K.L.:
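Mind looking over this structure? Questions follow.
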Amino acid sequence: MPRTLQERLDQVEREIELYLEYDRAEKVRLNRESYLWAAEDRIEWQEMQSANAQRVRELLEERDALRRQLGL
């Protein structure tokens, strides 16, 4: 069954919040543990952060498009 635009918008907003919450937790972990990490671990962490940031940008664009469609 197709979703309504509002349902899709709600889902996208939940996904954005989850990514942002994860980002905050990862930054705390970085500050707490990074001195123990090998260079490879730091690179992997940075790549993951970059990928997550890209996904958040995509979700923000999708949210904006949905809001325009809904006239918000």
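Please read these numbers as outputs of a predicted model, since none were measured by experiment.
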K.L.:
Please tabulate, for the side chains in residues 58-66, all donor-acceptor contacts under 3.5 angstrom to protein atoms that are two or more places apart in sequence or on a different chain.
P.N.:
residue : atom : partner : partner atom : Å
Glu58   : OE1  : Arg55   : NH1          : 3.4
Glu58   : OE2  : Gln54   : NE2          : 3.3
Glu62   : OE1  : Arg8    : NH2          : 3.1
Glu62   : OE2  : Arg8    : NE           : 2.7
Glu62   : OE2  : Arg8    : NH2          : 2.4

K.L.:
Is there a path of hydrophobic side-chain contacts, each under 4.5 Å between heavy atoms of I/L/V/M/F/W/Y residues, joining Met48 to Leu18?
P.N.:
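No, it is not one cluster - the side chains of Leu18 and Met48 are not joined through contacts under 4.5 Å.
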K.L.:
Measure the CD-OH distance between Glu26 and Tyr19 for me, rounded to the nearest 0.5 Å.
P.N.:
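Interatomic distance, Glu26 CD to Tyr19 OH, rounded to 0.5 Å: 13.0 Å.
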K.L.:
Report yes if the side chains of Lys27 and Gln49 come closer than 4.5 Å at any heavy-atom pair, otherwise no.
P.N.:
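Yes; the side chains approach each other to less than 4.5 Å.
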K.L.:
Not counting sequence neighbours, which residues clear side chain to side chain contact (heavy atoms under 4.5 Å, CB included) with Ala51? List them please.
P.N.:
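Side chain to side chain contact (heavy atoms under 4.5 Å, CB included) list for Ala51, sorted by chain: empty.
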K.L.:
Nearest 0.5 Å please: distance from the CZ atom of Arg67 over to the CG atom of Leu70.
P.N.:
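One finds 10.0 Å between CZ of Arg67 and CG of Leu70.
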K.L.:
To which residues is Val28 joined in a hydrophobic cluster, defined by side-chain heavy-atom contacts under 4.5 Å among Ile, Leu, Val, Met, Phe, Trp and Tyr, whether direct or through other members?
P.N.:
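None, because no other hydrophobic side chain comes under 4.5 Å of this residue.
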K.L.:
Under the rule for side-chain hydrogen bond (donor to acceptor under 3.5 Å, both in side chains), what residues qualify as partners of Glu17, not counting sequence neighbours?
P.N.:
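For Glu17, the residues satisfying side-chain hydrogen bond (donor to acceptor under 3.5 Å, both in side chains) (neighbours in sequence not counted) are Arg24.
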K.L.:
When rounded to the nearest 0.5 angstrom, what is the spacing between CG in Leu9 and CG in Leu72?
P.N.:
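So the CG of Leu9 and the CG of Leu72 are separated by 7.0 Å.
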K.L.:
When you group the ILVMFWY residues by side-chain heavy-atom contacts below 4.5 Å and let the links chain together, are Leu5 and Ile16 in the same group?
P.N.:
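Yes, same cluster.
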K.L.:
Please name all residues satisfying side-chain hydrogen bond (donor to acceptor under 3.5 Å, both in side chains) with Asp10, sequence neighbours left out, ordered by chain then number.
P.N.:
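Expected list: Gln6.
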K.L.:
Applying salt bridge (Lys or Arg N to Asp or Glu O under 4.0 Å), which residue pairs with at least one partner in residues 31-40 are found, sequence neighbours left out?
P.N.:
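For residues 31-40, and leaving out neighbouring residues, the salt bridge (Lys or Arg N to Asp or Glu O under 4.0 Å) pairs sorted by first residue read Arg29-Glu33.
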